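Just so it is clear, the model here is predicted, and its values are computed rather than measured. Counting starts at 1 for both ligands and their atoms, following the listed order.
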Amino acid sequence: MAVGIFDSGLGGLTVLDAVQQRLPDVPFVYLGDSANAPYGVRSPEDIYKLTTTSVQRLFDEGCDLVILACNTASAAALRKMQESWIPKDKRVLGVFVPLIEALTERQWGDNSPPREVAIKHVALFATPATVSSRAFQREFAFRAIGVDVEAQACGGVVDAIEDGDFILAEALVRSHVDALKRKMPTPDAAILGCTHYPLMAEAFQDALGADVAVYSQANLVAESLADYLDRRPEMIGSGTQSAYLTTGDPKKVSARATQFLRRQITFTAA
Ligand code: DGL
């Protein structure tokens, strides 16, 4: 057994890297569904089907706890999975609640009524499916009042990153930031609401300007997982084997992952 980390492709490696650093003794099984990426242009039904197939694969690998290190899956599929699909002895957690708790100055699980917070104008960069789910806006509304969230669906960025084409990814980031700024000229904060985007964090910060605080999820998810496992240590299970699984071409995916994390990562076929 181990903790499972799932993403549609390589973006979840940004989360994996942070959780491995925060919890060096916990074995993690990573599954990237690169054969079916990007998810962000698919229908919610399709995303649900693909996400449950991959999470089942991680349950079969002996994981009792799976982190959806994918905002698109968290936004489009997690609620339905929690309502009717997840077995009683398993847990599946998403990635955006820890980020929204941080932005709305809340401790883990603080469910008190919404209140005013320091941040007023938030730019959200995410995939088309995440933006159209309005899941971020919903989670904000539960916790804060008077926060204006302007969302930009960043078509093409995930594909370019999966292809290792960083020149195209950077050009797309700049044009999406320009489009956002036409709608919201002076955001206080920007959310990188897709786990692939921290790989382009410099391009986002540069295009947004130094006075915009850019938030991404990896470290916040790592802290919240550490806190969760403190309270529920039995969810780690007893296994010791970490693994990297992909539905894509293991050779290609290993090369990209090694380039992203700047250490040797070897994927095998899922
Ligand atoms: N990393 C996924 C996310 O956080 C990318 C989704 C996609 O494949 O489009 O949304």
**Q** Where is the tightest heavy-atom contact between V29 and E61, given as atom of each residue plus distance?
**A** CG1-CG, 3.8 Å
**Q** Do the side chains of D227 and R22 get close enough for a salt bridge, i.e. N-O under 4.0 angstrom?
**A** no
**Q** Does Y39 have its ring centroid less than 6.0 Å away from the ring centroid of Y48?
**A** no
**Q** Select all protein residues for which some heavy-atom-to-ligand 1 distance is less than 4.0 Å, and list them by chain and number.
**A** D7, S8, P38, Y39, G40, C70, N71, T72, T127, V158, C194, T195, H196
**Q** Is the shortest distance from a Lys or Arg side-chain nitrogen in D17 or R263 to a carboxylate oxygen in the other one below 4.0 Å?
**A** yes
**Q** For the side chain of S242 and the backbone of F28, is there at least one donor-acceptor N/O pair under 3.5 Å apart?
**A** yes
**Q** Check this for me, if you would: do R143 and D110 make a salt bridge, where the nitrogen-to-carboxylate-oxygen distance has to be below 4.0 angstrom?
**A** no
